[in-house]
Amino acid sequence: QVQLVESGGGLVQAGGSLRLSCTASGSTLTNYAMGWFRQAPGKEREFVAMIRWNGGITAYADSVKGRFTISRDTAKKTSYLDMASLKPEDTAVYYCTSGPRPITSNQRNPGAYAYWGQGTQVTVSS
């Protein structure tokens with residue numbers, strides 16, 4: 001079992017930056033992935049970014065590529081999502097997720113991840 005706790009959401013103006021953090025506790029994260037999804041009101045949960053715990057290989061949604069950066073601190077068992085050049089359309093609840101590393105073709109599917117945090121609100125004003 002893995003427990004995930006997010007922090008760092010808030011209100012920011014368009015063009016601004018935020019850093020989200022996700023700290024894991026419980027089982028080891030060896031051969032796991034950690035990722036971020038987001039869900040806006042009335043929309044489905046969508047993939048944002050993912051990082052493999054071993055090796056640090058990353059993947060991003062096209063909508064955030066070049067603006068968001070995912071990283072991890074293995075000693076702290078923490079994943080970070082650095083968000084820059086934020087847009088109003090980035091407004092959503094952001095969820096941290098983790099689980100045994102999914103195959104590449106499935107890594108953007110929320111069903112591929114076993115553990116989820118409670119979510120943190122990010123609001124970008126225009």
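For this chain, numbers begin at 1 and follow the sequence in order.
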Is [X] linked to [Y] within one hydrophobic cluster, defined over Ile, Leu, Val, Met, Phe, Trp and Tyr using a side-chain heavy-atom separation of less than 4.5 Å?
X: F47; Y: W53; value: no
X: V2; Y: Y113; value: no
X: Y115; Y: M34; value: yes
X: I51; Y: Y94; value: yes
X: Y80; Y: L20; value: no

Over all heavy atoms of both residues, which pair between [X] and [Y] is shortest? Give the atoms and the distance, please.
X: S27; Y: K77; answer: O-NZ, 3.1 Å
X: P88; Y: A14; answer: CD-CB, 4.1 Å
X: P110; Y: W116; answer: O-CZ2, 3.3 Å
X: R52; Y: R72; answer: O-NE, 3.7 Å
X: S21; Y: T78; answer: CB-CG2, 4.3 Å
X: N54; Y: L29; answer: OD1-O, 4.1 Å

Hey, does [Y] have a side-chain heavy atom less than 4.5 Å from the side chain of [X]?
X: V122; Y: L18; result: yes
X: L4; Y: T23; result: no
X: L81; Y: T69; result: no

*Would one find more than 12 heavy atoms of other residues, nucleotides or ligands at under 6.0 Å from atom CD of Q13?*
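No - once you tally the heavy atoms of other residues, nucleotides and ligands closer than 6.0 Å, there are 12 at most.
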Quick check: does any side chain N or O of [X] sit under 3.5 Å from a backbone N or O of [Y], one acting as donor and the other as acceptor?
X: D73; Y: K76; answer: yes
X: D90; Y: K87; answer: yes
X: R67; Y: S85; answer: yes
X: E6; Y: C96; answer: yes

*Taking atom types as modelled, is there a side-chain donor on Q121 or T123 under 3.5 Å from an acceptor on the other?*
yes
*Could you walk me through whether V48 and F68 pass side chain to side chain contact (heavy atoms under 4.5 Å, CB included), step by step?*
CA-CA 9 Å; V48 176; F68 290 13; 3.8 Å; yes
Roughly how far, to the nearest 0.5 Å, is the [atom2] atom of [Y] from the [atom1] atom of [X]?
X: R38; Y: M83; atom1: CZ; atom2: CE; value: 9.0 Å
X: I70; Y: M50; atom1: CD1; atom2: CE; value: 7.5 Å
X: T97; Y: R45; atom1: OG1; atom2: CZ; value: 8.0 Å

*Do the two ring centres, one from F37 and one from Y95, sit under 6.0 Å apart?*
no
*asked:* Using the rule given for side-chain hydrogen bond (donor to acceptor under 3.5 Å, both in side chains), can you reason through Y32 versus R101, listing the C-alpha separation, both sets of side-chain angles and the distance that settles it, and then say yes or no?
replied: CA-CA 4 Å; Y32 273 37; R101 192 185 74 206; over 6 Å; no
*Residue pair D62, K65: steps toward the salt bridge (charged side-chain N to carboxylate O under 4.0 Å, His left out) verdict*: CA-CA 5 Å; D62 288 344; K65 200 172 293 184; 3.3 Å; yes
